[in-house]
Amino acid sequence: MLILVLKRILLGLITLFIVSLITFVGVEVLPGDACTTYLEREAYGAALEACYKRLGLDIPAYERYVSWAIGVIQGDFGYSLSGEMKINDVLGPRVKNSLVLASASILIGIPIALLLGIITALWRDKMPDIIISTFTIFSMTIPEFISATLLILIVAIWLEWLPGIVIVPTGVSVSELLPNIILPVIAISMIMTAHMARMVRSSVIQVMASDYVQMAILKGVPYWKMVFKHVLPNALLPAINVVALTIAWLLGGVVVTEVVFNYPGLGRLVIESISNRDLPVVQALAIILASIYVIINLIADLLTLMLNPRLKSLQIKK
Amino acid sequence: MQQVVQEIKNLSIGFTSKKGEQISILKNISTTINKGETVGIVGESGSGKSTLALAMMGYVKHGLFTISGECIYQSNDILKMKNRELENIRGRKIAMIPQNAGQSLTPNLKIGYQIDEALRLHTNFQKEDRDVKISELLNKVRLPSPETIAKRYPHELSGGQQQRVAVAMALAGSPDLLLLDEPTTGLDVTTQAHVLELLNFIAKDTGTSMVYVSHDLGAIAQVSDRVIVMYSGEIVLDGPVRTILKNPIHPYTYGLLKSIPKLTLSGLPNSMSGSQPQPGTIKEGCSFYDRCEFAEDKCKINSPELEFVSDLNTSVRCFNHKKLHKKKDEDTKSSKKVLRKLTKNEILDISSVSISYAKQKFIEQLLNKIDDTNPTVKDINIKIDKGETLALVGESGSGKSTILKSIAGLIKAKDGIIKFDKNKILSNDLKKRDANYLRAIQLIFQNPDESLNPNHTVEEIVSQPLKLYFGLSGNELKQKIIEVLKKVRLGEFYLTRYPRQLSGGEKQRVAVARAFAAKPDIILCDEVTSALDVSVQAAVLNLLQELKVDFGTTYIFVSHDLAVVKAISDRVAVLYQGRLCEIGPSESVYKFPSHPYTEVLLGAVLEPDPDIKPKLVAEDIVEEKPPEKGCSFQGRCPRLLGQICKTDVPPWQIDENGNAIRCHIKINDLKNQQISN
């Protein structure tokens with residue numbers, strides 16, 4: 001088991017290394033660099049050279065990669081485009097904001113999704129299923145920029161219950177942030193819940209049709225007991241990986257929603273830094289997002305392994 | 001007057017078709033199950049036998065509904081009960097033993113928990129007593145060390161052990177009635193015989209009534225007191241086991257018995273034409289009319305009723321049963337003699353082939369070497385003559401399919417050489433094989449549902465080898481396809497059909513046609529009849545035999561069914577754990593099975609005759625991998641000599657009939673011991 005975990009961690013590190021290489025090379029081969037973007041029309045002669053020197057762009061690329069990589073390992077992403085702000089200071093509050101938004105959506109969305117999925121499966125083709133399924137398909141098909149805009153229109157402008165967009169300084173405390181995120185959370189949950197509920201529904205239906213569930217019924221196991229003991233543990237195992245991908249997607253920044261609500265999270269930072277051609281920040285974001293995916297998938301795989309007796313004993317045998 | 005456990009009255013179950021028609025799967029079933037009686041329900045797939053068994057527990061599958069009738073248990077209709085009442089009956093009064101125990105045990109719960117659950121629901125035992133009871137139950141179904149088994153998960157047990165657990169679980173509530181849905185299908189022959197013996201013991205020991213549902217008349221013969229034969233959702237015959245099997249007065253049963261290959265017969269069984277009609281297609285007349293050799297005009301218009309024949313104590317649904325009454329069972333034993341002419345002309349030479357499934361380490365992959373001292377298949381030496389049918393037999397895990405795949409080039413052999421047509425070496429790398437050799441060796445797979453592309457028409461399927469190997473196209477190609485289909489008795493109108501529009505037997509014919517289209521020298525048949533119904537199986541076997549006579553093809557025939565092998569093969573090779581045990585001409589191997597393993601295997605074969613009981617000589621232990629040293633069969637051998645079997649690989653011995661065996665005991669001593677038994 002331990003060897004397996006170490007193996008997976010090593011694989012994750014290799015993935016991150018490759019991602020870092022690709023982003024670094026990608027940034028290198030793009031025409032123009034941080035200095036030409038920053039200096040715009042003055043990008044020539046002494047000013048350009050001075051800028052190169054200041055950002056350390058005058059040394060060969062591989063040396064820069066090595067020193068940048070060493071910095072990243074130590075948790076230092078260097079300086080942003082202007083060379084005035086540390087990237088860590090730019091990222092810190094954004095990561096926190098994204099975490100708050102993601103955790104709120106996860107805490108609300110995932111239980112609802114599981115519940116809806118299970119209800120629709122157990123009452124398959126009956127009234128509850130028809131109503132909920134119609135609703136989930138509906139909310140899945142409406143793009144989030146429309147549902148988010150409609151939410152703002154109804155809740156913020158007509159009813160005036162909640163602020164429509166988030167106008168807070170980047171570094172506010174969590175308690176100040178909370179009332180502002182209600183609408184974004186609803187907008188995100190609608191899509192996320194719908195997707196996951198559909199997935200859970202089909203998984204539960206599949207298990208309900210299995211021989212062992214039929215056997216449990218024929219053994220005289222009462223219905224709800226059968227559902228909780230024989231159906232759900234087996235039906236929800238494959239859901240772990242979907243939940244993990246959803247969490248990673250949420251943490252990585254829900255770009256559209258953040259832009260619509262003017263929310264200062266990672267997703268908006270990605271857009272901003274790309275449009276500003278702030279390449280050091282783009283690089284840093286690529287690494288961070290890749291790490292999030294690697295870590296969460298690792299956790300999900302290990303969890304599946306632990307909960308599935310079949311896989312567990314297979315691994316131990318090896 | 002016998003005490004009735006369950007009475008089924010005029011039961012019809014069906015579904016609503018897409019066109020809104022009501023289609024019956026069960027039609028007017030009436031019968032009773034008496035106390036202490038074991039009733040076998042036999043029929044082919046789609047005959048409604050499983051639906052009937054489930055209905056007896058008040059369970060109707062999703063999409064089906066009860067059209068009319070009732071299942072009376074203790075003067076109540078089970079089909080009208082609420083879930084609450086059913087929960088008190090299921091598992092406590094009526095228990096089910098499912099077809100596939102491996103899939104019927106919940107994968108995330110331990111064996112002990114699953115049995116405990118049944119005990120908790122259906123008995124008043126306290127926790128401590130229940131633990132004792134779990135051990136008792138596991139002991140009763142003869143599982144070794146019950147305490148450890150209880151702590152395992154289902155997937156950690158072998159197929160036979162899982163089936164035993166399912167039996168233990170069913171017995172937990174001490175039910176009055178046990179329903180068994182194909183409980184031994186999918187198990188190895190020896191395991192199957194052991195499970196049946198256990199069921200017989202339990203029936204006697206507990207006095208429980210049993211309903212045993214199976215397509216396998218051999219299994220039915222061993223356990224039943226009474227047999228119900230179902231065809232197309234109707235009971236066609238219902239009577240004592242001996243009458244049904246020895247004097248079948250319904251034409252379907254009569255034909256079915258004739259189509260089963262038996263150990264006591266030589267040659268191919270007679271096949272029955274056609275296949276069972278789809279539900280809803282027969283509107284009037286007898287549902288067996290199309291396939292019946294005794295059919296008359298009235299059978300087409302009038303549906304016969306179930307009629308009681310008092311001197312045989314049997315109910316039968318046929319106008320002409322009296323004609324069959326006089327035919328004695330000698331008739332069902334008739335079979336076609338197979339002409340065997342062998343030319344001594346070697347076509348395939350497998351020498352010292354070993355195959356390993358061991359995972360290669362990265363460096364070994366680079367160096368292209370396999371380092372495994374104990375490979376899955378080891379030291380296979382077989383020479384095959386042109387026009388011969390060689391059968392490879394053995395239980396699951398014996399390596400028979402692996403050898404087949406290696407001949408086809410689908411698995412690389414670790415060591416050894418396979419020579420084709422005397423001196424042409426077949427590369428073990430498929431990509432390096434000459435196209436002509438690829439054409440010369442064709443495969444037919446077990447399950448035509450999986451081996452035929454569902455998105456291709458029959459024409460496309462059969463055209464592949466013709467285009468690939470002979471470069472045919474246009475009209476020439478089409479004529480050739482029609483010609484090939486004709487050879488497998490499929491008409492021109494099949495060209496545009498898709499596999500899903502064909503019956504199981506027709507699909508396998510298409511697969512046979514595809515193989516023959518390549519004009520192969522050798523055809524490798526991997527369990528080609530195992531997925532088919534008995535009546536269809538005989539037809540496919542006959543077809544293969546006829547094609548062989550026409551084309552002089554060589555078959556290598558892999559099967560776990562020893563009776564089928566006996567019917568079709570010229571020579572048999574018996575494998576255990578990837579090692580050859582015995583090889584010789586079929587007739588003498590079946591007459592004098594010299595190797596102890598062959599003896600065990602043949603002893604376990606179930607004949608559709610209640611008077612021939614299987615002989616259980618060895619335990620049905622499942623070995624995970626072959627022993628490192630000595631004889632491969634040492635773990636289960638009933639005639640173990642001693643230390644020598646554990647240390648030395650036994651030498652080959654050949655007797656005067658050409659039987660070669662690998663055993664430390666002298667071949668003549670083995671024969672004498674068997675005769676004296």
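Below, read A as the first sequence line, B as the second, and so on, with proteins coming before strands; counting in each chain starts at 1. Computation of the quantities below employed the complete heavy-atom set of this structure, encompassing side-chain atoms and omitting hydrogens, waters and symmetry-equivalent molecules.
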Residues in residues 117-126 of chain B that sit under 4.5 Å from chain A, counting heavy atoms only: B/E117, B/A118, B/R120, B/L121, B/H122

Residues of residues 160-176 of chain B near chain A, each having a heavy atom less than 4.5 Å away: B/M169

Tell me, out of A/V207, A/V221, A/V213, A/V231, who's got the most heavy-atom pairs with chain B below 4.5 Å. A/V221

Which atoms of [X] approach chain A - backbone, side chain, both or neither, heavy atom under 4.5 Å:
X: B/K110; result: neither
X: B/Q114; result: both
X: B/L179; result: neither

Should we say atom CD of A/Q206 is surrounded by more than 12 heavy atoms from elsewhere, each under 6.0 Å from it? no

If we only count heavy atoms from C-beta on, is the [X] to [Y] side-chain gap below 4.5 Å?
X: B/L86; Y: A/I217; value: no
X: B/N83; Y: A/Y223; value: no
X: A/K229; Y: B/T106; value: no
X: B/H62; Y: A/R124; value: yes

Measure the spacing between CG of A/N234 and CG of B/L109 and express it to the nearest 0.5 Å. 7.0 Å

Can you tell which of B/Q103, B/Q99, B/R92, B/R90 has the highest number of heavy-atom pairs within less than 4.5 Å of chain A? B/R90

Output the option from B/I94, B/L105, B/I89 having the highest count of non-hydrogen pairs under 4.5 Å with chain A. B/L105

